Amino acid sequence: MSKQKEIVRRGYDKVSYAYRDEAACADEFTDYDAWIAELSALLPSNSAVLDLGCGCGLPVAERLAAQFAVTGVDLSPVQIERARRLVPQARFIRADMSEVEFPPASFAAIVSFYAVIHLPLAEQPALFRRMRGWLQTGGYFLGTVGSRAWTGTEENWLGVPDARMAWSHADAETYHAWLTASGFEIHRTEFIPEGDGGHTLILARARN
């Protein structure tokens, strides 16, 4: 495992409960609800959906599992243990998203919110190509990626002592190019502000 991935794994093990408070999830995350509703309207009921970087399963896997057959993947053992407990109707796998294997055309949709940007930048184009292979033709990718290029770490993330986190992301134009080259058609993008910067929400469809 690369040094960056080890930082991410250890970081989420430490901040899991600070990052997602189970009691608060019922009333928060309206952005996620809107995104999930947008995707859900495009999919038949009981479609297979992959959540890459699923965390503890809240709120995304939980919301999706009400309508779809959800598989979640996350690097953090703590996050996966919580997800299996909190969303028992979904299937969860502890794995590196850049190494996990699925048969071709396994999913009607893939979601990945605030997760791809933790992967080393050099590995991200290959991940999008793998994602295209896992999707059925006409399937959807909905996720957040970078808005401007930045790579770095933060100490005591979310105020948790000794919790270190790492990020690595390109700018929005680069993600558009990577997705297009990987066999996706971009349907829409949206800037999602956060602090002094923000992220890019992308809805893309797998081409023939």
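Note that this is a predicted model, so its numbers are computed, not measured.
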- Message: Checking Glu6 now: which residues fulfil salt bridge (charged side-chain N to carboxylate O under 4.0 Å, His left out) with it, not counting sequence neighbours?
- Response: Arg9, Arg10
- Message: Checking Tyr114 now: which residues fulfil ring-ring contact (aromatic ring centres under 6.0 Å, His included) with it, not counting sequence neighbours?
- Response: His199
- Query: Does Glu101 pair with Arg130 as a salt bridge, N-O distance under 4.0 Å?
  - Reply: yes
- Item | Interatomic spacing from CD in Glu185 to OG1 in Thr180 - rounded to 0.5 Å | 9.0 Å
Just distance, no hydrogens or angles: give the donor-acceptor pairs under 3.5 Å from side chains in residues 147-162, sequence neighbours left out.
from	atom 1	to	atom 2	distance (Å)
Thr151	OG1	Ser168	OG	3.1
Glu155	OE2	Arg164	NE	2.9
Asn156	OD1	Asp162	N	2.9

- Message: Would you compute the distance between atom SG of Cys56 and atom OH of Tyr12 and round it to the nearest 0.5 angstrom?
- Response: 11.0 Å
- Should the pair Arg94-Asp74 be classified as a salt bridge under the 4.0 Å nitrogen-to-oxygen rule? no
- Out of curiosity, Cys54 SG to Ile80 CD1, how far, rounded to the nearest 0.5 Å? 4.0 Å
- Message: Within 45 degrees of the ring normal and closer than 6.0 Å to the centroid, is that where the cationic atom of Arg82 sits relative to Phe92?
- Response: no
- Say whether Glu123 and Ser98, considering side chains only, have a donor N or O and an acceptor N or O under 3.5 Å apart. yes
- Remaining members of the apolar cluster that contains Met1, side-chain heavy atoms under 4.5 Å: Leu75
- Single-linkage hydrophobic cluster, 4.5 Å side-chain cutoff, Ile186 and Ile110 together: yes
- Under 30°, 30 to 60°, or over 60°: which ring-plane class applies to His187 and Tyr140, parallel, tilted or perpendicular? perpendicular
- Do Tyr175 and His169 get their side chains close enough for a donor-acceptor pair, meaning under 3.5 Å? no
- Note on the structure: Between the CD atom in Gln79 and the OG atom in Ser16, the distance rounded to the nearest 0.5 Å is 3.5 Å
- Note on the structure: Applying side-chain hydrogen bond (donor to acceptor under 3.5 Å, both in side chains) to Thr174 and not counting sequence neighbours gives Asp171
- To the nearest 0.5 Å, how far apart are CG in Leu64 and CD1 in Ile36? 4.5 Å
- Message: Using the rule side-chain contact (heavy atoms from CB on, under 4.5 Å), only one of Leu119, Leu52, Val145 pairs with Ser112; which is it?
- Response: Leu52
- If you round to the nearest 0.5 Å, how far is CZ of Arg129 from CG of Leu179? 11.5 Å
- Message: Evaluate Ile93 against Phe102 for side-chain contact (heavy atoms from CB on, under 4.5 Å), listing each step before the verdict.
- Response: CA-CA 11 Å; Ile93 302 168; Phe102 296 105; 4.0 Å; yes
- Task: Determine which pairs satisfy ring pair (Phe, Tyr, Trp, His ring centres under 6.0 Å) with at least one residue from residues 33-54, sequence neighbours left out, and list them in order.
- Result: Tyr32-Trp35, Trp35-Phe113
- Item | Short N-O contact, Glu22 and Arg20, less than 4.0 angstrom | no
- Query: What are the two closest heavy atoms between Ser2 and Pro120, and how far apart are they?
  - Reply: OG-CG, 3.9 Å
